[in-house]
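Below is one structure, written out as structure tokens, with a few remarks after it.
Indexing begins at 1, ligand by ligand and atom by atom, following the structure's order.
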Amino acid sequence: MKQLHKVTTAVGLLLALAGGVAHAMDEIKIGFLVKQAEEPWFQDEWKFADQAAREKGFKLVKIGVPNGDKVLTAIDNLSAQHAQGFIICAPDVKLGSAIVAKAAQYKLKVMSVDDRLVDGAGKPIDSVPHMGISAYKIGEQVGSAMAQEMKKRGWKMSEVGAIRLSFDQLPTAKDRTDGAMAALVAAGFPKANFINAPQAKTDTENAFNAANVAITQNPKYKHWLAFGLNDEAVLGAVRAAEGRGVKSDSIIGIGIGGSQSAMNEFAKAGKTGFFGTVLISPKRHGYETTLNMYQWIKAGKSPDKLTLTTGMLMTRDNTAAVRKEMGL
Ligand code: FCA
């Protein structure tokens, strides 16, 4: 009898364990991989992705992937943890084919966010659903807003240098700055007054260094414009201008993003050269992409192939209203 009891207990234990394993395998697990985890934009994306996970009861695995090695290890880890899919903003869009191959090897679904993956020939990989921003159009919003503010301040355009913080190896970055230049030119800004300032990486420090060179080499300008792919780029340029003695009313910097980096700047007691930003939606990019992935895994409903989100100009005068209108 005692023996039989032991056996039934052991069998019961085994069944419970097997059930637990089966449950862990059934559980929906989604990775969210971002290239620059320290950047407030990506923190916000993660925050909204977490919200989706809480609401739907799935597990979200957040991993920072600052380089190609980290990307490949992260995908290995996701597979080992029995995840079924992941969303990625890659540190280099040219990793596209490698990412797609690795995901296929493990039967993981993959979606990209912000930066669209490209193949060996530099062509966007259509088979990977993507959510990005309408880069050129948002760039035009930046350029038009600069032109308008420049006119309001009564600047002579011939005396203004426009620093283009560039990161042309990333298509969305190039489209953003191209859009800004086109809008400025359309408003009568002289093409010769653009100064290209290439960034080695898309963060404030690299933008600072690039802008510093641009300003030092162009002492003839009285006033400055600064634009780039994100708020960090423009903040770098604004800090560099301050360092070179440019007063805040002699520079108009307009970024793209609108997360904490911009909010901190607007919260400062005195106005700085960071005049505004085009607010984009971390909620759509974090919450919606994750939810799309969840429905893809759970119900086989594949996400739209391409979604491009819009933005709204935000300055220190209308921060609360614009954030509200964007649902933030
Ligand atoms: C790119 C930029 C980020 C953010 C995002 C929407 O990934 O590097 O700063 O602007 O697009």
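- Atom CG of Leu291 is separated from atom CZ of Phe58 by 6.5 Å, given to the nearest 0.5 angstrom.
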Kindly determine whether Met157 and Asn193 satisfy side-chain contact (heavy atoms from CB on, under 4.5 Å), including the steps that lead there.
-> CA-CA 9 Å; Met157 289 202 213; Asn193 292 18; 5.9 Å; no
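- Ligand 1 is surrounded by Lys35, Glu39, Trp41, Phe42, Cys89, Asp114, Asp115, Arg176, Leu229, Asn230, Ile280, each with at least one heavy atom closer than 4.0 Å.
- For the pair Lys109 and Trp296, the cation sits on the ring face: its NZ or CZ lies under 6.0 Å from the ring centre, inside 45° of the axis.
- Exactly one residue among Ile256, Leu308, Asp114 makes a side chain to side chain contact (heavy atoms under 4.5 Å, CB included) with Ile133. That residue is Ile256.
- Shown are Glu55, Arg54, Lys47; of these, the side-chain hydrogen bond (donor to acceptor under 3.5 Å, both in side chains) with Gln51 is made only by Glu55.
- A salt bridge links Arg116 with Asp126: the distance from a Lys NZ or Arg NE/NH1/NH2 to an Asp or Glu carboxylate oxygen falls below 4.0 Å.
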